[in-house]
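First comes the structure, then the notes that go with it.
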Amino acid sequence: MVEISASVLNVEEEESAKTFYNLEVAKIDYFHIDVMDGKFVENNTVDKMNKYSNILKHITLLPIDVHLMVEDVETYVKLYSTIEPSVITFHYEAVKDKEKIKNIINLIRENNCKVGIAIKPETDIKEIYEYLPYLNFILVMTVEPGKGGQKLIPETLRKIKILKEYIREKNLDTYIEADGGINLETIEELKDAGIDIAVVGTGILKSENYAETVKKIKE
Ligand code: DX5
Ligand code: ZN
């Protein structure tokens, strides 16, 4: 059984409140907010995600899962802490420096949030091993960060398997979240590889029946 964090990135603005409601009724577990600054990745979703997180703050009690695809991590951690998310995840590639990574982890914790680090498909999983004991989540990108609706990169499955093995061996509590290109076709392999949470955007939004899709992905 996996949990679902529904990415709202590709939700249409005109129908956003109604779509959020429908997702919640379909029994997703988290709302996933994809913040892109136009620097770390080409797209800029700052205004759209500000708007969506403010709507969500008013209409849902479900936990919010913020995925920061930004260069200036500290600024966005402070900004998004105000909506009291359950988890804030930042990209390892945006920081890299050990001291800085530890400071950001502490900053997120001070704001009463769980902490996640995200890694791009080409980043070696071993690079983040030393941070795992301080993390609640490790978000493995299964597509290049930057946009929704892409195809899952199959090589990322091997990385998830290695990571899962390491987490088991070391008896850690870190959850594995996979993000990008997840749908009814790709979910089985991801479950086998050992993910705990699936970020799903278009896989649900483009389906006929949200509740049925959510149920099938989870079970
Ligand atoms: C990509 C984002 C993902 C993405 C998921 O950069 O981090 O969360 O929106 O969307 P789908 O499920 O459509 O790949
Ligand atoms: Zn994401």
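Note that ligands are numbered from 1 as they come in the structure, with each ligand's atoms numbered from 1 the same way.
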Parallel, tilted or perpendicular: which fits the ring planes of Phe137 and Tyr30, with parallel below 30° and perpendicular above 60°?
perpendicular
Do the side chains of [Y] and [X] get nearer than 4.5 Å, heavy atoms only?
| X | Y | result |
| --- | --- | --- |
| Ser5 | Val199 | yes |
| Ile167 | Leu163 | yes |
| Ile28 | Tyr210 | no |
| Glu93 | Ile119 | yes |

Only heavy atoms count here, so choose which of [options] is nearest to [atom].
| atom | options | result |
| --- | --- | --- |
| atom 8 (O) of ligand 1 | Asn43, Leu152, Thr45, Asp179 | Asp179 |
| atom 11 (P) of ligand 1 | Ala6, Ser7, Gly146, Gly149 | Gly149 |
| atom 14 (O) of ligand 1 | Ser5, Ala198, Gly148, Gly181 | Gly181 |

The atom of Asp34 among N, O or S that is nearest the Zn ion (ligand 2) is OD1
The atom of His67 among N, O or S that is nearest the Zn ion (ligand 2) is ND1
Under 4.0 Å between heavy atoms, the region of Met69 that gets near ligand 1 turns out to be side chain
If I take the Zn ion (ligand 2) as the centre, what angle separates the NE2 atom of His32 from the OD2 atom of Asp179? Nearest 10 degrees is fine.
100°
May I ask you to decide whether Asp196 forms a salt bridge with Lys164, counting only side-chain N to carboxylate O separations under 4.0 Å?
yes
